[in-house]
Amino acid sequence: MQSDFQYPYPLLIIAGKGGVGKTVLTAALGTESARHGHSTLVVELGGQRQLLPMLSSDIEALPSPDGEGVVRISDNLSWESISPDRLLAGWLSGRSMGLIADRLERSGALSVIATSVPGIQDVLMIGHLRRLVDEGKYERIIVDGPASGRARELLRAPRMVAEASTEGPIFDQATRAHALLTNPEAAAILLVTIPEETPVNETIETAFDVEDDPGIRLAGVVVNRLFPHAEPPKSFDDHPLGPATRVRHESNVEQRQRLVDELPVPQHTTAENPHGIVTPSHIDELLTGALEPALSDGSDVEVPESDSAALEAALSKSIVVTVGTGGVGKTTLGAAIAYRAATMGRSVALITIDPAKRLADALGLETLDDQLREVTVAGKNSGRLQATMLDPGATFERVVRAEATTTEHAEQILASPLAAQLTDSLSGMTEYMAVERLWQLHDDPTIDLVVVDTPPSSDALAFLDAPNLLARLLDNRIYKVLVHGKRRSIVNRAIGGVVGQLVATVGGTVVREAVDFFKSFDGIEEGFRARGDLIYKALRSEDTSFIVVASPTGASLQNARDFTTQLREADVEPALTIANRCTPAVPKAGRSKIASTIVDHLRTKRTAERENIAEYAATSTMPMVLVDDLPKPVTNITGIKTLAKEL
């Protein structure tokens, strides 16, 4: 990493496609800023806690959070995790609604209120950052922002909310938040990518979008995980990993040049750390570039044999669910799993949530949308593979039309502005729509197996709990008071007071639309509840397999361990873990210095990966399948076939 790798803005928001390393970069920038004597606050959004292990080697010894929820790590470095619901509850508490705000949060109704005013939580998050900047306690506030698409929504929210509200407390908050983002001396965004086509496409698109609206300053682009650093010699092409290394180098050159040509902003690079980034010592390696190469390629480290029988057993069920965080290749692997099942003679439906055109290309499809699309499967005894991309709005419409008493009743529900806002914005709604789509296809007698690529998440329970999301909202007491207007008890009268406060805060039209929308569910709640119960039981039945997908890094396998624990606590025994994109065996190279450097890097990386896998296997009773990194990115059906064979 370059020595000038600092950005002198009071507020710096880091954004990038999932899996490109923006969280690691946030930790590195926070560490570097503090070392240069700047009072620095590192912020995570959405209540996440992924940064602390990278910032402190002894989390247990850290002091408790102060009254603001800030943890002091060292003299110049502090950390905070912002929860949107807690911010909204705190904001309501500041308007004499503290007791009921807590009750709203516990019941889940707070999320509905937030959803009924699109952007309010984003405004409160930016507003919180504005307050921190104004207080001046920290010279630099570095935010681990959301993935690129979500980052655009976050940054545009203050302007949109200000235009929608026009007056009152929300308008004031939104206006101040927008003023912060558009002040080039106070705030900037730093985009992170890796030198691959899809992440670079998204980076360029995001850069133009955020500079245009809201008009935030673009501090630069960081190209992360650069390897190899120099062109491999021709002699290295004969090495078993030579062709793959050359493909990667050519991608590095091509994608970095695209960024230079299309984005006239500072560009920094960070080297791929073969150990992965998990601890403060790894952050030091990233900052200094001081790495000790491994003496072997890790072949002496014992790892479990790939258990293909466990995978085939999983694929014999009627539902397969892949779970994992972003950046582990879960979507492509899910497609390969579905293809593998089809070659076993099964009729398979694949549900994916990835809207990228590259997945359609990889499956040999011209388009991938809400309809089932036929994928060509080779082999005389092969079955059938169809694929569909999740469309939450279309899925919600199907469910409503199936449960509504009449066509007019369905139209009444779907015509509400809140219907689209719920499917787009309510926390957990993507997972809910995914399980609803799963159930629709599971009911199809022509389909033997449904493979679901779940949304990237660090919380496995989000998918398992999704079937009862809407039923919980319709059942909670606050919803019933809001909809049916019964206010006899003290608590109910207090809730009525909350409604009055909400009207004053966000406007009567918004609150009335929310109440009218949920009133329209009167009489059909039982249908939603019954469906939710059936899906809830199906996901926990013996005819469903959960496959945990990870990369062979320490952080990713720790996430896999956490997933497994969460699933077991929910009475689900996962079928197996797939460690994806493992580095293959690395023979020694010739006398070329560049080739030796490449081989040293790959051997170090493979050793670290195998040590991580061995440690994971030692504490896990689950079967594992290890999948080597392919020489080329999966861009067509041939790549899907190759990956399916690797399984």
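Scope of the values below: all heavy atoms of this structure, side chains included, with no hydrogens, waters or symmetry mates.
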Report the distance from atom CD1 of I126 to atom CG of L155, rounding to the nearest 0.5 Å. 6.0 Å

Would you mind reporting whether L441 and T388 have side-chain heavy atoms less than 4.5 Å apart? yes

Kindly indicate whether the side chain of R346, heavy atoms from C-beta on, has any atom under 4.5 Å from the side chain of L315. no

Taking P552's backbone N and O only, do any of them form a donor-acceptor pair with N612's side chain (distance below 3.5 Å, no angle check)? yes

Might you confirm whether atom CG of D443 has over 12 heavy atoms from other residues, nucleotides or ligands at distances under 6.0 Å? yes

So H128 and E80, side chain to side chain donor-acceptor pair (under 3.5 Å) or not? Walk me through it. CA-CA 12 Å; H128 178 75; E80 179 184 17; 3.0 Å; yes

For R152 and E202, which heavy atoms make the closest approach, and how far apart are they? NH1-O, 4.4 Å

Nearest atoms (heavy-atom pairs only) where L390 meets T395: CD1-OG1, 3.8 Å

Result for side-chain hydrogen bond (donor to acceptor under 3.5 Å, both in side chains) between K330 and one of T352, T322, D453 points to D453

Please walk me through it: do T454 and I353 pass side-chain contact (heavy atoms from CB on, under 4.5 Å)? CA-CA 7 Å; T454 61; I353 49 82; over 6 Å; no

What are the two closest non-hydrogen atoms of A341 and L449, and how far apart are they? CB-CD2, 3.5 Å

After noting the C-alpha distance and the side-chain angles of L576 and M624, does the key distance pass the side-chain contact (heavy atoms from CB on, under 4.5 Å) rule? CA-CA 6 Å; L576 71 152; M624 290 191 74; over 6 Å; no

Look up atom CG in N580 and atom CD in E646, then write down how far apart they are to the nearest 0.5 Å. 10.0 Å

Would R561 count as a cation-pi partner of F563, with NZ or CZ less than 6.0 Å from the six-membered ring centre and within 45° of the ring normal? no

Does S416 reach the main-chain N or O of I413 with its side chain, forming a donor-acceptor pair under 3.5 Å? no

Passes side-chain contact (heavy atoms from CB on, under 4.5 Å), L647 versus I578? Steps please. CA-CA 9 Å; L647 290 168; I578 297 180; 4.1 Å; yes

Taking S316 for the side chain and A313 for the main chain, is one N or O donor matched with an acceptor at less than 3.5 Å? yes

For the CE atom of M389 and the CD1 atom of I351, what is their distance to the nearest 0.5 Å? 12.5 Å

Heavy-atom check, side chain of P146 versus side chain of L45, under 4.5 Å: yes

Quick one, I613 and P304 - any side-chain contact, counting heavy atoms below 4.5 Å? yes

Is any side-chain heavy atom of S620 closer than 4.5 Å to a side-chain heavy atom of T564? no

Distance alone, cut at 3.5 Å: any donor-acceptor contact between the side chains of D543 and S318? yes

Can you find a heavy atom in the side chain of R437 that is under 4.5 Å from one in the side chain of Q440? yes

Looking only at heavy atoms, which two atoms of V634 and G639 are closest? And how far apart? CG1-C, 3.7 Å

Would you say the side-chain atoms of S556 pair up with the backbone N or O of S551, donor to acceptor, closer than 3.5 Å? yes

L372 side, atom CG; Q386 side, atom CD - distance, nearest 0.5 Å: 4.5 Å

Any side-chain heavy-atom pair from V572 and L539 closer than 4.5 angstrom? no

Do R568 and E573 meet the salt-bridge criterion of a basic N to acidic O distance under 4.0 Å? yes

For L464 and Y536, work out which heavy atoms get closest and say how close. O-CD1, 3.9 Å

A335 meets the side-chain contact (heavy atoms from CB on, under 4.5 Å) criterion, sequence neighbours left out, with L350, L359, L363, I640

Just by modelled atom types, is the G145 backbone N or O under 3.5 Å from a matching donor or acceptor in the K22 side chain? yes

Under-4.0 Å salt bridge between K317 and E542: no

Minimal heavy-atom distance between A310 and P623, with the atoms involved, is CB-CB, 3.6 Å

Taking the side chain as every heavy atom from C-beta outward, state whether L333 and L643 have any atom pair closer than 4.5 Å. yes

Taking ring-ring contact (aromatic ring centres under 6.0 Å, His included) as the definition, give me every residue that meets it alongside H442, ordered by chain and number, with sequence neighbours left out. W439

Test: R373 and E366 ion pair at under 4.0 Å: no

Which residues satisfy the salt bridge (charged side-chain N to carboxylate O under 4.0 Å, His left out) test with R531, sequence neighbours excluded? E403, E436

Working to the nearest 0.5 angstrom, can you tell me the gap between E569 CD and Q566 CD? 7.5 Å

Looking only at side chains, do Q558 and D562 share a donor and an acceptor under 3.5 Å apart? yes

Could you walk me through whether V320 and T544 pass the side-chain contact (heavy atoms from CB on, under 4.5 Å) check? CA-CA 6 Å; V320 168; T544 296; over 6 Å; no

Residues R401, E411: salt bridge by 4.0 Å N-O rule: yes

Between OG1 of T376 and OH of Y339, what distance do you get to the nearest 0.5 Å? 8.0 Å

Does a donor on one side chain sit under 3.5 Å from an acceptor on the other, for D448 and S347? no

